[in-house]
Amino acid sequence: SIPLLCVFTRSGVYFLERFIRSIDWKVEILLIVQDSMEDKRVFSLIQSIREERRVKTFVKIIEHVVNIQHTGCAQAWNTVLRLYPGEPFYIFAANDIEFQPQSLKTFYLSVLETSQKNKSVGMVSSTVDFGDGLTQNEFSLMFWAFTRNGIMRAGLYDENFYPAYYEDDDILWRLFLSGMQIVVLPHIMVAHGLRRGIYLSGTTIEDSTGRFKREVQRSTNQHYLVIKWGSGMRYGYKGRILEVVAKGLRSFFDYCGQLHPKDRLYEDLFCTAYNESQSNLYDWKFHPFLRDCLV
């Protein structure tokens, strides 16, 4: 059985319910980390689904941890790592994925074998099916495992990335720089999101104001990533970390745009320990400004 399976949710219950119902192999602890207490439907769902016969067949314990304020994905994953510090590896999942039959079991056994045979493996991921024939066979932080050795070399997630986006690029780059291997399991695929005329996912916000705010946050995180690692680095969707590892390149950013003048004014606030040559990859400094300016 899987000792610990972790999922992050912010609001809404459709995807979370689908995720839980798709579990088809023994899980000792399903840990649900919720970002804020705003959506009470999540509480009701967990309370009711705990008692369902099929869910109880596969999931022994459902633990529900709530971060009181909106703290984002990075802190959610760190919450798990801090609550369970002794695990050899951690299996994480986005709440908007759906397990294919036996994919959970196959993934766990593959991660267990891979991490035991090769101590330099830092992360392992499945591939992703987006529907309508669209798949992603590159590394994707939608269903992945983070090994203890990887954590010891690269550190925890940088919580300056808020509420989401680019914290995954950051941690993958740190693993790469620390010499850890990143493995993709092409024979394991999970479904992501939902197609109903348009593509829906767990981060979909229907009102235009919400979409605008999310794009602003995403843009801020991108700028932070570039400033953190240096504007000479390159970023692009087709230049994600998997291709970097495969080709052995030393940079993976293809950042063609220019930082907005206001971001340059805040450059000192954005900068972290990684900008200092004497600093260890494991360390990072938290800057409340990165959250305060977005709330």
Visitor: Side chains of residues 58-65: which donor-acceptor partners sit under 3.5 Å, not counting sequence neighbours?
Guide:
unit_1	atom_1	unit_2	atom_2	d
Glu63	OE1	Tyr84	OH	2.7
Glu63	OE2	Tyr84	OH	3.2
His64	NE2	Gln34	OE1	2.8

Visitor: Counting C-beta onward and ignoring hydrogens, is there a side-chain heavy-atom pair between Val7 and Leu30 closer than 4.5 Å?
Guide: yes
Visitor: Under 4.5 Å between any side-chain heavy atoms of Ser103 and Ile188, yes or no?
Guide: yes
Visitor: Where do Ser110 and His187 land on the side chain to side chain contact (heavy atoms under 4.5 Å, CB included) test, with the steps shown first?
Guide: CA-CA 10 Å; Ser110 298; His187 61 292; 3.5 Å; yes
Visitor: Residues in side-chain hydrogen bond (donor to acceptor under 3.5 Å, both in side chains) with Asn149, at least two apart?
Guide: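 Once residues adjacent in sequence are excluded, Asn149 has no partner under the side-chain hydrogen bond (donor to acceptor under 3.5 Å, both in side chains) criterion.
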Visitor: With distance as the sole criterion, is a donor-acceptor pair present between the side chains of Asn78 and Glu159 under 3.5 Å?
Guide: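 A donor-acceptor contact under 3.5 Å links the two side chains.
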Visitor: Looking only at non-hydrogen atoms, find the nearest pair between Ser115 and Thr147 and report the distance.
Guide: CB-CG2, 4.3 Å
Visitor: Does the side chain to side chain contact (heavy atoms under 4.5 Å, CB included) test come out yes or no for Val55 and Arg50, once each step is laid out?
Guide: CA-CA 7 Å; Val55 173; Arg50 275 187 177 128; over 6 Å; no
Visitor: Just jot down the side-chain hydrogen bond (donor to acceptor under 3.5 Å, both in side chains) partners of Glu28, sequence neighbours excluded, or say none.
Guide: Ser1
Visitor: Any idea which heavy atoms bring Pro101 and Asp24 closest together, and the distance?
Guide: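 Taking Pro101 first and Asp24 second, the nearest heavy atoms are CA-OD2, 3.4 Å.
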Visitor: Quick check for you: to the nearest 0.5 Å, what is the distance between Leu45 atom CG and Ile32 atom CD1?
Guide: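 The CD1 atom of Ile32 is 7.0 Å from CG of Leu45, to the nearest 0.5 Å.
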Visitor: Is there a side-chain contact between Glu167 and Leu141 in this structure, where contact means two heavy atoms from C-beta onward sitting under 4.5 Å apart?
Guide: no
Visitor: Please test Leu185 against Thr106 for side chain to side chain contact (heavy atoms under 4.5 Å, CB included), starting from the C-alpha separation and ending with a verdict.
Guide: CA-CA 10 Å; Leu185 302 175; Thr106 306; over 6 Å; no
Visitor: Mind checking the CE-CG spacing from Met189 to Asn137? Nearest 0.5 Å is all I need.
Guide: 5.0 Å
Visitor: How long is the span from the OG atom in Ser140 to the CG atom in Asp168, to the nearest 0.5 Å?
Guide: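 It is 8.0 Å, given to the nearest 0.5 Å.
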Visitor: For residues Leu112 and Phe89, determine if any side-chain heavy atom of one lies less than 4.5 Å from a side-chain heavy atom of the other.
Guide: yes
Visitor: Which pair of heavy atoms, one from Phe107 and one from Ile91, lies closest together, and at what distance?
Guide: CE2-CG2, 4.0 Å
Visitor: For the pair Arg148 (side chain) and Pro85 (backbone), establish whether a donor and an acceptor sit closer than 3.5 Å, ignoring hydrogens and angles.
Guide: yes
Visitor: Can you tell which of Phe143, Phe99, Tyr14 makes a ring pair (Phe, Tyr, Trp, His ring centres under 6.0 Å) with Phe19?
Guide: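 Looking at Phe143, Phe99, Tyr14, the match for Phe19 under the ring pair (Phe, Tyr, Trp, His ring centres under 6.0 Å) is Phe99.
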Visitor: Using a 4.5 Å cut-off on heavy atoms from C-beta on, say whether the side chain of Ile171 contacts that of Asp158.
Guide: no
Visitor: When the ring planes of Trp144 and Phe92 are compared, do they come out parallel, tilted or perpendicular, using 30° and 60° as the limits?
Guide: tilted
Visitor: Who are the side-chain hydrogen bond (donor to acceptor under 3.5 Å, both in side chains) partners of Tyr108, not counting sequence neighbours?
Guide: none
Visitor: Please indicate whether Lys40 has more than 12 foreign heavy atoms, meaning atoms of other residues, nucleotides or ligands, lying under 6.0 Å from its NZ.
Guide: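 Yes, the 6.0 Å shell around NZ holds more than 12 heavy atoms from other groups.
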Visitor: Would the distance check show the side chain of Asn67 and the main-chain N or O of Asp35 forming a donor-acceptor pair, the cut-off being under 3.5 Å?
Guide: no
Visitor: Kindly compute the distance separating CD1 (Ile20) from CG (Leu5), expressed to the nearest 0.5 Å.
Guide: 9.5 Å
Visitor: Check salt bridge (charged side-chain N to carboxylate O under 4.0 Å, His left out) between Asp39 and all other residues, then give those that pass, not counting sequence neighbours.
Guide: Arg41
Visitor: Mark yes or no for whether Lys56, through its side chain, and Ile49, through its backbone, hold a donor-acceptor pair below 3.5 Å.
Guide: no
Visitor: Would you mind reporting whether Val27 and Leu104 have side-chain heavy atoms less than 4.5 Å apart?
Guide: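 They are in contact (side-chain heavy atoms under 4.5 Å apart), so the answer is yes.
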Visitor: Okay, side chain of Arg153, backbone of Leu175: is any donor-acceptor separation there less than 3.5 Å?
Guide: no
Visitor: Taking salt bridge (charged side-chain N to carboxylate O under 4.0 Å, His left out) as the test, write out the residues that go with Glu98, two or more places apart.
Guide: Arg18
Visitor: Which distance, rounded to the nearest 0.5 Å, do you find between the CD of Gln136 and the NE2 of His192?
Guide: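 It comes to 9.5 Å.
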Visitor: To check you understand the geometry: which heavy-atom pair defines the closest contact between Gly122 and Phe146, and what is its length?
Guide: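 Nearest pair, atom of Gly122 first, then Phe146: O-CD1, 3.4 Å.
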Visitor: Roughly how far apart are Met152 CE and Lys119 NZ, rounded to 0.5 Å?
Guide: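 The CE atom of Met152 sits 14.0 Å away from the NZ atom of Lys119.
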Visitor: Begin with the C-alpha distance, continue with both residues' side-chain angles, and end with the deciding distance and a verdict on side chain to side chain contact (heavy atoms under 4.5 Å, CB included) for Thr127 and Val184.
Guide: CA-CA 7 Å; Thr127 57; Val184 180; 3.9 Å; yes
Visitor: Report yes if some heavy atom in the side chain of Val80 is under 4.5 Å from a heavy atom in the side chain of Glu87; otherwise report no.
Guide: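 They are not in side-chain contact.
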